[in-house]
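Structure first, commentary second.
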Amino acid sequence: MLLLFLVFFPMIMAFAAWFASRKSRELMDLAALLCGGAELAAVLLGFRTGGLLTAQLGSVCGLGLNLEYDGFRRVYCLIIAFMWFMTLLFSKEYFAHLHHVGRYYFFNLMTLGATMGVFLAADLSTAFIFFEIMSFTSFTWVIQEETEGAIRAANTYMAVAVIGGMTALMGLFMLYTELGTLRLSELAAAAESCSNQKTLFTAGVCVLLGFGAKAGMFPLHIWLPKAHPVAPAPSSALLSGILTKSGIWGILAITCNLFLENRSWALLLGIIAAVTMFLGALLALFSVNLKRTLA
């Protein structure tokens, strides 16, 4: 129940905050803040339970939604819940004189639930479903101000997200065809016995591009310098501190479970990482906008 609460409670509260915005702005702020506080409290409760927690919904997309809560996930869910709660505290003052606040809170809480789903995913299909939900709901963060620059940045963000998502989906189809499973705990053994290593590597590259798009990996980094300057400050903090890390989580998931001792994969990641770091630092030197420099 705890895992389902962490994922779906914020989504339910998103509707509560939306309806509250029709009545009172103070009530809307309170609903969002209570959601953030309850999520943080639930994560802390998960630390006390100890051990491995699992949950499953078996009627979604044929493979179902499979969630796990272990040591790594406990730590990062705590980071997610804490950062979200702090940005919700800041959001009340930040949006005091701005419009479309109800829309912001609705999609903010929907993104919280989807992000929890990504990090709690026990298999790549579950991670992909929540990853795509997260991409579409966070699109509204970028376009929130509805300026010309925000619209252009949001269109770029969505284009990269859709292209990356479809590429990752193609890779997941290939992986499931070759291995017969997408469950993270079973991937290593299945990959070791796979006879078609070239197809496996190709599938891994497709999934890498999908998750790398969110992580700001070269050459799919183009949305980051555009989105951060135009997004509201609370959203920009979450884009940088949490959402990009969901992409890195996906890269770690396939690297550690499929290509841990593959030298070609290590070389590929090393080259992409080096180019991404160097290019990011170089572009930052010529930036005069603080948020763009951070991006």
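Everything numeric here is computed off the predicted structure, so don't read it as measured data. Any value given below was found using the heavy atoms of this structure, including those in side chains, with hydrogens, waters and symmetry copies removed.
In this structure a side-chain-to-backbone donor-acceptor pair under 3.5 Å is present from R73 to A121. Between the side chain of R74 and the backbone N or O of Y69 there is at least one donor-acceptor pair closer than 3.5 Å.
Side chains of E39 and L6 form a contact here, defined as non-hydrogen atoms less than 4.5 Å apart. Under the 4.5 Å side-chain criterion, counting only non-hydrogen atoms from C-beta, I133 is not in contact with T111. Counting heavy atoms from C-beta on, the side chains of T137 and N108 never come closer than 4.5 Å. You'll find the side chain of S91 reaches within 4.5 Å of the side chain of Y105, heavy atoms only. Side-chain contact between I251 and V207 is absent, with no heavy-atom pair separated by less than 4.5 Å. A 4.5 Å side-chain heavy-atom check between S138 and F107 finds every atom pair outside the cut-off.
I163 and F128 are members of different hydrophobic clusters when ILVMFWY side chains are connected at heavy-atom separations under 4.5 Å. Under the 4.5 Å side-chain heavy-atom criterion for ILVMFWY residues, a single connected hydrophobic cluster contains both I242 and F90. Transitive grouping of hydrophobic side chains (ILVMFWY, heavy atoms separated by less than 4.5 Å) keeps M174 and F201 in distinct clusters.
Within the model, atoms CH2 of W249 and CZ of F72 stand 8.0 Å from one another, a figure rounded to the nearest 0.5 Å. Distance check, rounded to the nearest 0.5 Å: CG of L200 to OG1 of T177 gives 11.5 Å.
Side-chain contact annotation: Y176 with S125, donor-acceptor N/O pair under 3.5 Å absent. Side chains of T244 and K214: no donor on one and acceptor on the other come within 3.5 Å.
Under the side chain to side chain donor-acceptor pair (under 3.5 Å) criterion, T126 pairs with D123, sequence neighbours left out. Listed by chain and number, the residues in a side chain to side chain donor-acceptor pair (under 3.5 Å) with E148 are R152 (sequence neighbours excluded).
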**Prompt:** Run the ring-ring contact (aromatic ring centres under 6.0 Å, His included) check on F106 and F15 step by step: do they pass?
**Reply:** CA-CA 6 Å; F106 176 83; F15 288 94; 5.0 Å; yes
**Test side-chain contact (heavy atoms from CB on, under 4.5 Å) applied to L4 and L67, step by step** = CA-CA 8 Å; L4 297 179; L67 306 174; 4.2 Å; yes
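A cation-pi arrangement is not found for K245 relative to Y76, the charged atom failing to lie both closer than 6.0 Å to the ring centre and inside a 45° cone about the ring normal.
For F211 and F131, the distance between ring centers is under 6.0 angstrom.
Contact between C206 and T167 at its shortest, heavy atoms only, is CB-O, 3.4 Å. Across every non-hydrogen atom of A213 and G164, the tightest pair is CB-CA, 4.4 Å.
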For residues 256-264, dump all side-chain donor-acceptor pairs below 3.5 Å to protein atoms at least two apart in sequence or in another chain.
from : atom 1 : to   : atom 2 : distance (Å)
N257 : ND2    : A253 : O      : 2.6
N262 : OD1    : S264 : N      : 3.0
N262 : OD1    : W265 : N      : 3.0

